[in-house]
Amino acid sequence: MALDFSSMEAKWQKAWYDARINESEPAPDTKKFFMIFAYPGVTGYLHVGHMRGYTVADAIVRHKMMTGHRVLFPVGTHATGNGAISFARRVERNDPATVDILRANGCSDETMKRLTDPEEVVRFFNDIYLNDYWKGFGFMSDWRRFTSTIYPDYTKFIEWQMLKLKANGLLTQKPYFAPACVEHGPVAIDASETDISRGGDAEVLEYTVLKFDLKDGRKLVAATLRPETVFGLTNFWVNPEVEYVDARVGEETWIVSRPAVEKLSLQMDSVEIVGSANGASLMGKRCTAPLTGKAIPIFPSLLCDPEVGTGLVMSVPSDAPADWIGLVELKRDVVEREKYGITEAMVAEASPIAIIDTPGYGPLPAVEVTERLGIDSLDDERLGEATKEVYKTGFHKGVMNRSCGEFAGWQVEQAKDAVRGQMLESGHASMFYDLSEEVLCRCGNRVLVKKIPDQWFIDYSDPGLKERSKEHALTMRIFPREYYDNIQNVIEWYRERACVRLGNWLGTRFPIDRRWIVEAIADSTLYPIHYVTSRFVSEGMVAAENMTEEFFDYVLLGRGTPVDVESATGVGRSVLDSIRAEFDYWYPLDVNLGGKEHMTVHFPVFLMNHVAVLRPQHWPRGIIVNWYITATGGKISKSKGGAQPIPDAAERFGVDAMRLFYAHIASLYVDVAWEDSKVESYRDRLERTWSFIGDLLSVEDRGPTEMDAWLAARMQSRLAGLEGYMEVYDVRSYSNDVFFEMAQDFKWYLRRGGGSAEAILGALRLWIPLMAPVTPHLAEQLWERIGMRPFVSTVILPEAELSEAAAAAEAGERLVASLVEDISEILKVTSIRPSRIILMAAPRWKHDLVARAVASADKNIDVGQLIKETMKSAPPEAKREIPTFAKEIAAEFSRAPVDERRRTHATVDELKTLGRAGRFFSEQFGCEVQTFSADDPARVDPKGRAKHARPGRPAVYVE
RNA sequence: GCGAGGGUAGCCAAGCUCGGUCAAAGGCGACAGACUCAAGAUCUGUUCUCGUAGGGGUUCCCCGGUUCAAAUCCGGGCCCUCGCACCA
């Protein structure tokens, strides 16, 4: 029977949600498990990669449910920011890529018109995430609790959170320099280009602006990353072809490029253009350097880019290859020089001054490196590489030399800050921030660095908060282990973090100053709590406007009296108390699962905000980090559209096949490339499982056999192993056992002659539920097929029972299986077509000896004692062999750990086991099989192999 | 630069925390056999190498060390990936 995955999925999803088995209700005396995955941002369609973490979370939750927990596994979306706004704008201007993606995902023209409104975009994707993705994958999620960060109740919750942070002294204010679009305010610069359309790799560079005095009182202003090189200044570069301007900055008049004025005006007060300054007119004049007071000549250089820094450059030819080559060219180019009246002597005067001792270089690294590489022109593209090399070594390893006045002997890194500090103080320098490359906002405007004088921060540098968070993290269950260790460092490095932003954004108004909107990370750290309260909102028991500070103080912090809070909020006491009770039941959060991108941002602030705001009993208990599913050629890009729409993939491969793919393809903690063929092979595996179970069900009932006990024992030991895996959320090993190893168990059972319908059914009643966490739809279908009702998803798994008898049954089969391997090996190597196989179990005395050794296994084995004791009961003909064998066993035992010795030497009646398996061996190898004990006088042993027999390893003779 | 992670057989990927159960799970691919008119699917077996007796040899990026014993521990090297903050 072929499986129709799609209809099977629809059938069971409807059945589950109709029966509301996904809804979370507290049950005070029952264990609970509360898990979330970090909700996705609403910036477009998700791709198949995103479903990995979500699916693993669902499998964990389903398993918890099946081990007797009440589970809470809510979902929501993060709509804060400008993702939805920019999406709406792209729809509005018919951006081809956006329209294509919408079309490819089956969006109608009519719907598309609606999507010019950001709030509609959020609604649209909320609906898709919820229905197409999460319900479509059969998640055991309580849909009543769905929330989104722009819902009124959510924003009330965030207001409360900010008030608590303020009250706890964790909000601070100070100036901040942020990348911003002139129209849309601050934007994020990141490689995935969420806010921007170009320049995702740009960095904010911290320039020091140095002021060089001209005789007429104006100042030439150069921006540099290396202020400490001021000691090596020889000249100043001005581009003669650029029109500079005189800008009034405070009390001073600066000469800078026109674009620089715009940038400066975003970072300094009262910047105003008051005149123009022709670059050419400055040539050959002198200006006075800050700090050193040295007068240096002004030379022409076409390399000064008006878009970079101030458009003017100071020249340090000793350590800047471009400056050195600039001088070399200028000296050579007589025509250019004479045009500006610059004599050769003036150029000669500007020869390099050694200022930094750089390991591996002589006094003038820039000169040295350009000579070595044979660079003698500013057009040489290797100049950049040369600069990088000299700068890197010089900055990190260099030491300031004698020419550097009071800084002589300083490490360059330290000198930089000190030199800058001194010049800033004396008014010879200012700070200036600029981007390393051009960045464009999604709206098309240029992104520049803007000073925000009164930016609010959450103070994650607070030592007390850090300490408590780090200590708490040590008590948490954090996976993988590497992150458990590293989160300590991450918290340690954390400093204050901007938590509100200006501009046109979706999000919560900052309650302390409503001009600001709470920033996208600050509003998504404490939110698991809100899944408790959101249900009461969606069921109409509380309205957003009632969710005041007193309300949350009461239900989340246990503050205030019911009477006061009822009158302050208008919420009835019984409702208040049931919310509070539910919060106390579900909290703390047991696991927060999220992608590896959260390791240095979301997870630490998630933890620290809990510690900052909540009482210790409500701090989170666990974190799981998942790595990515990538496209075969690289990252599946969210902003640029996923490879295939999730519903299409679900339709093509089947949801359970995808779920098994996510669960089994690799450890959660490595990246995995998505491959259609892999997913298909998992689908095939599920189909085979389906038909194999069909075979099992139609096995001709042969009644009870010895194998039934083995099968039952096997199921129990599998169960025990599986519980162990899930204890550490190892869904992969769990899937491997359930979907691959356990099928092998059934096959072995049949191969060994098992065939009891009752035993098979009994085992299936365990196997099928074990599949349910990973492939719930198929498991339900199978459950129904074996006549069970109503849901496999609500079955409570038994606890594993491990008995001595079961262990013996398993050990017996291990013996048989390893004998099959050994015999096959012998036949393969010898190319014998066997006519008879003789198996000889180890003699009694060897078993006795091993048993004695095992009994004393915790201690060191006394070989002499072992020999003596064995001698007492051993038959006379064995006595010569005893010492050798005893030594072998002792040596073997000394190498293996204690429980290992026990396991390999579990008590098995070998002769009996072999006897029973005789017919099986005979069928396997198509010949007569005889079994003896190695000390049976009646044994048939032409080649004398009996002496090779050892416990666990019977002797074999083939002919 | 700062920080983190990784390099395992044809490919993917377990194992490494707690050294011996490891020639190293599982999957994919390949090969052979069964079934079939055939193909596909499925099932069985093989898949480092040598071997007419269950064994030997050489392997887990490279070099060195610790140890009776190292894929696993330590030191050094080469290469790769990721994060670095207002993107969740």
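Within every chain, numbering begins at 1; the chains are lettered A, B, ... in the order of the sequence lines, protein sequences first and strands thereafter.
- With B/G54, B/U47, B/U42 as the candidates, the nucleotide lying closest to the side chain of A/Lys828 is B/U47.
- Counting any heavy atom pair closer than 4.0 Å across all strands shown, A/Lys943 reaches no nucleic acid atom.
- Residue contacts for A/Asp671: at a heavy-atom cut-off of 4.0 Å it reaches the sugar-phosphate backbone alone, with no base atom in range.
- A/Leu696 has its CG atom 13 Å from the P atom of B/C43, to the nearest Å.
- Comparing atom distances between the A/Glu482 side chain and each of B/G26, B/G6, B/G55 picks out B/G6 as nearest.
- Protein atom NE2 of A/His664 is 11 Å distant from nucleotide atom C1' of B/C28, rounded to whole Å.
- Here the closest non-hydrogen pair linking A/Ala38 and A/Asn592 is N-OD1, 3.8 Å.
- A centroid separation of 6.0 Å or more is found between the aromatic rings of A/Tyr391 and A/Phe395.
- Residue contacts for A/Arg495: at a heavy-atom cut-off of 4.0 Å it reaches a base atom on one of the strands shown.
- Nearest approach of A/Arg52 to A/Tyr628, heavy atoms of both residues: NH1-O, 3.3 Å.
- Picking from B/G26, B/U52, B/A85 the nucleotide with the shortest atom distance to the side chain of A/Tyr494 gives B/A85.
- When both distances must be under 3.5 Å, the Watson-Crick or G-U wobble mate of B/C31 is B/G45.
- The pairing partner recorded for B/U58 is none, the criterion being a Watson-Crick or G-U wobble arrangement whose two distances lie under 3.5 angstrom.
- Mapping A/Ser681 and A/Glu597 onto RNA chain B via the closest heavy atom, the residue that lands nearer the 5' end is A/Ser681.
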Take A/Asp684 and A/Arg688 through the salt bridge (Lys or Arg N to Asp or Glu O under 4.0 Å) test and state the conclusion after the steps. CA-CA 6 Å; A/Asp684 292 347; A/Arg688 271 183 274 163; 5.4 Å; no
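- The CD-P distance, from A/Glu741 to B/A25, rounds to 11 Å in whole Å.
- Nucleotide B/G83 holds its P atom 14 Å from the CG atom of A/Asn626, rounded to whole Å.
- Contact annotation for A/Val670: backbone-only contact, meaning every heavy-atom pair under 4.0 Å involves sugar-phosphate atoms and none involves a base.
- The separation between A/Tyr725 atom OH and B/A14 atom C1' is 10 Å, rounded to whole Å.
- Counting non-hydrogen atoms under 4.0 angstrom, A/Tyr957 reaches a base of the nucleic acid.
- The side chain of A/Arg732 approaches B/A13 more closely than any other nucleotide in the set B/G3, B/C43, B/A13.
- A/Asp676 and A/Trp674 share a donor-acceptor pair across their side chains, judged by distance under 3.5 Å alone.
- At a threshold of 4.0 angstrom between heavy atoms, the contacts of A/Pro954 include nucleobase atoms, whether or not backbone atoms are also involved.
- A search for ring-ring contact (aromatic ring centres under 6.0 Å, His included) contacts involving A/Phe921 returns nothing, not counting sequence neighbours.
- Residue contacts shown for A/Thr600 are limited to sugar-phosphate atoms, with no base heavy atom under 4.0 Å away.
- For A/Asp822 and B/G54, a side-chain-to-base donor-acceptor distance below 3.5 Å is present, hydrogens and geometry of angles not being considered.
- Shown here, B/A70 forms no base pair; nothing in the strands shown gives a Watson-Crick or G-U wobble contact with both key distances under 3.5 Å.
- Whole-Å rounding puts the A/Lys678 NZ to B/C11 P distance at 12 Å.
- The partner of B/C84 is B/G1, by the rule that a Watson-Crick or G-U pair needs both atom distances under 3.5 Å.
- Along RNA chain B, the nucleotide nearest A/Asp485 and the nucleotide nearest A/Leu668 are compared for position; the residue whose nucleotide lies closer to the 5' end is A/Asp485.
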Test log, rule salt bridge (Lys or Arg N to Asp or Glu O under 4.0 Å), inputs A/Arg836 and A/Glu959: CA-CA 6 Å; A/Arg836 184 166 67 156; A/Glu959 61 181 22; 2.8 Å; yes
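- Nucleic acid contact for A/Tyr483: none, since no nucleic acid atom lies under 4.0 Å from a heavy atom of the residue.
- Nucleic acid contact class of A/Ser667 (heavy atoms, under 4.0 Å, all strands): sugar-phosphate only.
- Looking at heavy-atom distances under 4.0 Å, A/Arg497 makes contact with a base.
- Using a 4.0 Å heavy-atom criterion, one finds that A/His602 contacts no nucleic acid atom at all.
- Distances shown here put every side-chain N or O of A/Arg481 at or beyond 4.0 Å from the OP1 or OP2 atom of B/U17.
- Base contact: A/Ala498 has a heavy atom under 4.0 Å from a base atom.
- As a whole-Å value, the separation of A/Lys596 NZ from B/U81 P is 12 Å.
- Put simply, CZ on A/Phe692 is 12 Å from C1' on B/U42, counting in whole angstrom units.
- Comparing B/G55, B/A53, B/G26 against the side chain of A/Val958 picks out B/A53 as the nearest.
- Across every non-hydrogen atom of A/Leu815 and A/Glu910, the tightest pair is CD2-CG, 3.9 Å.
- Pair check for B/G19 finds none; no Watson-Crick or G-U wobble contact set falls under 3.5 Å.
- Within 4.0 Å of A/Trp627, counting heavy atoms only, lies no atom of the nucleic acid at all.
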